[in-house]
Amino acid sequence: MRIPIEECGPRDVYAAACPCRDMLDLLANKWSALALGALEEGPQRFGAIRARLQGISPKVLTHTLRRLEEHGLVDRTIYPAVPLHVEYSLTPLGRDACAPLAALRLWVEDNIDRFPHPVAVTV
């Protein structure tokens with residue numbers, strides 16, 4: 001059961017009904033975090049984002065970008081051309097989310113050798 005934000009009381013991500021959980025779920029998703037990071041470089045077309053996020057399928061990238069747009073993190077701009085030209089860019093909220101996500105990405109890259117079991121690479 002989803003409770004409106006104004007009725008949820010104090011923000012508590014540990015509370016089952018807190019709407020913060022939806023945002024945490026979105027941002028903790030690997031593809032969401034990587035898509036936001038890729039967009040830090042500026043507005044990009046779908047193909048450029050997909051090329052940057054090696055291993056993501058078009059279906060998953062479409063779903064990810066739609067969710068990010070629905071949550072106000074990404075803007076989708078359609079330019080009237082033949083064929084249509086669509087670009088994705090970060091909103092101010094999306095830019096704000098990039099700082100902690102970038103720190104997490106860097107921490108993982110810097111500490112990958114410290115994990116007890118090698119992480120398998122899926123290509």
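- Residue Glu40 holds its CD atom at 8.0 Å from CG of Leu36, rounded to the nearest 0.5 Å.
- Judged by distance alone, the side chain of Asn111 and the main-chain N or O of Arg114 form no donor-acceptor pair under 3.5 Å.
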Q: Report the C-alpha distance between Tyr79 and Leu84 in whole Å, list the side-chain angles of each, state the deciding distance to 0.1 Å, and finish with yes or no for side chain to side chain contact (heavy atoms under 4.5 Å, CB included).
A: CA-CA 6 Å; Tyr79 296 95; Leu84 285 178; over 6 Å; no

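- The closest side-chain donor-acceptor pair between Glu87 and His85 falls under 3.5 angstrom.
- The distance from the CG atom of Asp75 to the CG atom of Leu68 is 11.5 Å, given to the nearest 0.5 Å.
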Q.
For Val74 and Arg67: C-alpha separation, side-chain torsions, deciding distance, then whether side chain to side chain contact (heavy atoms under 4.5 Å, CB included) applies.
A. CA-CA 9 Å; Val74 168; Arg67 285 191 70 205; over 6 Å; no

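- Cluster membership for Leu39 and Val60, using ILVMFWY side-chain heavy atoms within less than 4.5 angstrom, is shared.
- Atom OH of residue Tyr88 and atom CD of residue Gln44 lie 12.0 Å apart, to the nearest 0.5 angstrom.
- Listed for the Asp25 side chain is no donor-acceptor partner under 3.5 Å among the backbone atoms of Arg21.
- Between Asp96 atom CG and Thr91 atom OG1 the span is 8.0 Å, to the nearest 0.5 Å.
- A heavy-atom distance below 4.5 Å is not found between the side chains of Arg76 and Leu65.
- For the residue pair Ala38 and Arg52, the shortest heavy atom distance occurs at CB-CG, 3.8 Å.
- Put simply, the side chain of Leu93 does not reach to within 4.5 Å of the side chain of Arg95, judged on heavy atoms.
- For the pair Leu90 and Cys98, the minimum side-chain heavy-atom distance is below 4.5 Å.
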Q) Leu61 and Phe46: side chain to side chain contact (heavy atoms under 4.5 Å, CB included), yes or no, with the steps? A) CA-CA 8 Å; Leu61 180 55; Phe46 183 90; 3.6 Å; yes

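- The OH atom of Tyr14 sits 11.5 Å away from atom SG of Cys20, with the distance rounded to the nearest 0.5 Å.
- If you chain together hydrophobic residues whose side chains sit under 4.5 Å apart, Ile112 and Trp107 fall into the same group.
- Between Lys59 atom NZ and Thr64 atom OG1 the span is 11.5 Å, to the nearest 0.5 Å.
- For the pair Met23/Leu27, a side-chain contact is recorded, criterion being any heavy-atom separation below 4.5 Å from C-beta on.
- In terms of hydrophobic clustering, with Ile, Leu, Val, Met, Phe, Trp and Tyr side chains grouped at heavy-atom distances under 4.5 Å, Val108 and Ile56 are assigned to different clusters.
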Q.
Quick one, Cys18 with Val13, criterion side chain to side chain contact (heavy atoms under 4.5 Å, CB included). Give me CA distance, side-chain angles, the key distance, then yes/no.
A. CA-CA 6 Å; Cys18 183; Val13 77; 5.5 Å; no

